[in-house]
Amino acid sequence: MRKGVKVTVVGGVFAALVGGAGYGAYNVLSTLSGDGAAGGSSVRTGPPTGDEVRDTTRKFFAAWEKGQAATAASYTNNAEAAGTLLTAYGEDAHITKVSITPGTATGATVPFTVRATVSYDGKSKPLDYESELTVVRGETTHRPLVDWQPSVVHPKLKQGDTLVTGDSASPAIEAVDRDGKVLTKEKYPSLGPILDELRSRYGEKAGGTPGIELAIRHQGEGAADTTLLTLAKGRAGRLPTTLSASAQAAAETAVTKYAESSVVAVKPSTGEVLAVANHRDDGFDAAFLGTLAPGSTMKIVSAATLIDNGITTATGPAPCPPTATWQSQTFSNLKGLAPDEHATLSDSFARSCNTAFVKYADEVKVDSLTKEAEQRFGLGQGNWKVGIPSFDGRVPASGGPDTAANMIGQGQVQLSPLNLASVTATAMTGTFRQPVIVARKLDDRELATARGLTAGTVQQLRSMMNRTAVSGTAAGVMRGLSGSIGAKTGSAEVDGQTRSNSWFTGYRNDVAAAAMTQDGGHGIDAAGPIVAAVLRTGG
């Protein structure tokens, strides 16, 4: 929370400055506004009363409706930021005739409805939306103040955002799937931010013409605008994508069943992205940009590292003791997993035995896993050019206990569902094909490369992943899927969470998919059913 605002009166208008305010400033304000008594009387403490909530919101709304940005901002606990955004609301976004109707307060939180008009270049349209605010007590002024968040002005606004109305930054696009079916935000809601990015990057190349729009302009160079209202349509350019409407529909439905979930499906034979979906309160594209520990799904890369470095093979030894210690850190397995001192790598992979991989930490070099990830799976080099922003994975050569932790997808390893789907595709085919969502020929961008895997390593990885899907930890989720199948489960513990993050990756014929559900539990609990649903539909 920001400190209370310091307020002075200049020419009869409130001018607000961010910063600490002493009791003198509070008493000046109290004398002017009747919020308290000057002359050393005690100040109020504790949560705002119902009367204070009603009075503060009434004054804030009244100033906002009149376009008095500075005055409205003076009733918040961050007058500088509030004043900037409220000024842009009227001047840059050209929003007028504002009428705000408060709803029934829940404690200090007040929902409200905004009805206004957006006008630009002779074009006008009504604007209606709902938002909410919370009234708090200023830390130093002790005044009841609106707790400032950009979402007060519009629920889709985040820190650093502003509002603008004018010619659209990029021409509109009509995105179509691999078979020419139109992809819209209305039919595929989680594609919204992705379609915005595609429009920002390829709108002009697609041959469209700009329209007139009210949009959110996000902070950061190259960030795509988010359109809120179209006053005049431009001509949309047709943009082919690699997506599959049927796979996308399955992904959209699957993620809605689990909070904070993301999934990506790719076509291993080409690297084309078939589906990408997110179901998150924050609207973040975690499917492409997520940076989280992938847990035991990383054992695909770790197993390849052991095989390619001649340490063991799928049918070679990989004992599974109850615990394993590496450089004073003790690792254990999931509860209920019986030890097996005679296990092979295939046994320990299918059962997802952590200790089997940790035991081999003293036989790999600090950078062995890193080199495998970069040189064979194409991860962690910061050079993927998918068509929209993406994270390329992070598998650092970190020593100490992290050498062992990285082998089981903890430590310093970070992946996104896109990265993991690509790992599975590479394990299936032996060839790293950098994922793409639009064709390379659209902009002649240079795609990332890696040397991939030998036929022998691919055969062993596919055998272990198939066993995991048929009789191992993924069997319950993958049951009923026909054709060539394989999978790997994972869960990753994260500080501050009551449950682990759920990870799962699998393939069926020429489709590989990976999902992650934050705070979702084991891999089969949430991420697994999402992946299975996408694989069931196919590409």
Side-chain angles (χ1 to χ4, degrees), residues 85-86 88-98 113-131 150-177 182-241 243 248 252 276-278 280-285 287-289 387-389 437-438:
L85 186 53
L86 288 166
Y89 190 87
E91 295 182 1
D92 299 333
H94 301 274
I95 301 174
T96 60
K97 300 179 182 177
V98 180
T113 301
V114 177
R115 290 183 173 83
T117 299
V118 184
S119 301
Y120 184 86
D121 197 24
K123 309 290 184 182
S124 293
K125 272 196 174 181
L127 175 69
D128 299 333
Y129 61 91
E130 297 177 350
S131 191
S151 59
V152 169
V153 170
H154 192 284
K156 292 186 178 181
L157 286 165
K158 296 181 174 61
Q159 295 294 337
D161 291 348
T162 191
L163 290 165
V164 294
T165 296
D167 290 345
S168 56
S170 302
I173 60 168
E174 182 182 68
V176 297
D177 85 336
V182 177
L183 304 168
T184 65
K185 300 177 184 180
E186 291 72 28
K187 189 168 184 179
Y188 308 102
S190 71
L191 279 183
I194 292 162
L195 294 176
D196 287 340
E197 287 289 349
L198 289 172
R199 175 183 175 180
S200 175
R201 292 189 174 210
Y202 301 107
E204 293 184 3
K205 289 182 174 65
T209 57
I212 298 175
E213 297 175 343
L214 166 66
I216 297 174
R217 183 146 295 164
H218 302 287
Q219 191 176 40
E221 185 178 353
D225 289 354
T226 299
T227 302
L228 296 179
L229 183 69
T230 299
L231 279 71
K233 290 185 177 181
R235 180 173 56 82
R238 185 178 175 87
L239 181 69
T241 73
L243 296 170
Q248 183 63 35
E252 295 273 354
V276 49
N278 295 284
R280 297 175 59 90
D281 290 339
D282 59 10
F284 177 61
D285 182 13
F288 274 27
L289 295 168
I388 62 173
I437 198 168
V438 292

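One-based numbering along the sequence shown.
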Report the distance from atom CD1 of Ile212 to atom OG of Ser119, rounding to the nearest 0.5 Å.
11.0 Å
Rounded to the nearest 0.5 Å, how far does CG of Asp121 lie from CG of Asp167?
7.5 Å
Between Glu174 and Val182, is the side chain to side chain contact (heavy atoms under 4.5 Å, CB included) condition met? List the steps.
CA-CA 7 Å; Glu174 182 182 68; Val182 177; 3.9 Å; yes
Partner of Glu213 under salt bridge (Lys or Arg N to Asp or Glu O under 4.0 Å), chosen from Lys233, Arg199, Lys123, Lys125:
Arg199
Between Leu243 and Ile437, is the side chain to side chain contact (heavy atoms under 4.5 Å, CB included) condition met? List the steps.
CA-CA 7 Å; Leu243 296 170; Ile437 198 168; 4.2 Å; yes
Salt-bridge present (Lys185, Asp196; N to O < 4.0 Å)
yes
Which heavy atom of Ala224 sits nearest to which heavy atom of His218, and what is that distance?
O-CD2, 2.9 Å
Can a donor-acceptor pair be found, under 3.5 Å and without considering hydrogens, that links the side chain of Thr230 to the backbone of Ala232?
no
Of all heavy-atom pairs between Glu252 and Ser190, which one has the smallest distance, and what is that distance?
OE2-OG, 2.8 Å
For Val118 and Leu231, the nearest pair of non-hydrogen atoms, with its separation, is O-CD2, 3.7 Å
Determine, stepwise, if the pair Thr162 / Leu85 fulfils side chain to side chain contact (heavy atoms under 4.5 Å, CB included).
CA-CA 6 Å; Thr162 191; Leu85 186 53; 4.2 Å; yes
Heavy-atom nearest pair, Thr241 first then Ala175, reads CG2-CB, 4.3 Å
How long is the span from the OG atom in Ser200 to the CG atom in Leu195, to the nearest 0.5 Å?
12.5 Å
Between the main-chain N or O of Phe284 and the side-chain N or O of Asp282, is there a donor-acceptor pair closer than 3.5 Å?
yes
Closest heavy-atom pair, Gly160 versus Gln219, reported as atoms and distance to 0.1 Å, is O-CB, 3.6 Å
Side chain proximity check, Ser151 to Lys156, heavy atoms < 4.5 angstrom
no
Would you say Val98 and Val114 make side-chain contact, with heavy atoms under 4.5 Å?
yes
Is any side-chain heavy atom of Pro389 closer than 4.5 Å to one of Leu289?
yes
Minimum heavy-atom distance Ala287-Ala277, with the two atoms named
CB-O, 4.2 Å
Could you tell me whether the side chain of Ile388 reaches within less than 4.5 Å of the side chain of Leu198, counting heavy atoms only?
yes
Validation row: Val164, Ile216 side chains within 4.5 angstrom (heavy atoms)
no
Mind checking the NZ-OG spacing from Lys97 to Ser124? Nearest 0.5 Å is all I need.
7.0 Å
Give the ring-plane orientation class for Tyr129 versus His154, where under 30° counts as parallel, over 60° as perpendicular and anything between as tilted.
tilted
Between Leu214 and Thr227, is there a side-chain heavy-atom distance shorter than 4.5 Å?
no
Within the distance-only criterion (no hydrogens, no angle test), does the side chain of Asp225 pair as donor or acceptor with the backbone N or O of Arg217 below 3.5 angstrom?
no
Determine whether a donor-acceptor pair (N or O, by modelled atom type, separation under 3.5 Å) exists between the side chain of Arg235 and the backbone of Gly207.
yes
Determine whether Asp161 and Pro150 make a side-chain contact, defined as any pair of heavy atoms from C-beta on separated by less than 4.5 Å.
no
When rounded to the nearest 0.5 angstrom, what distance separates CD1 in Ile95 from OH in Tyr120?
14.0 Å
Can you tell me how far OH of Tyr188 sits from CD1 of Ile194, rounded to the nearest 0.5 angstrom?
13.5 Å
With heavy-atom distances below 4.5 Å as the criterion, would you say the side chains of Val153 and Leu163 are in contact?
yes
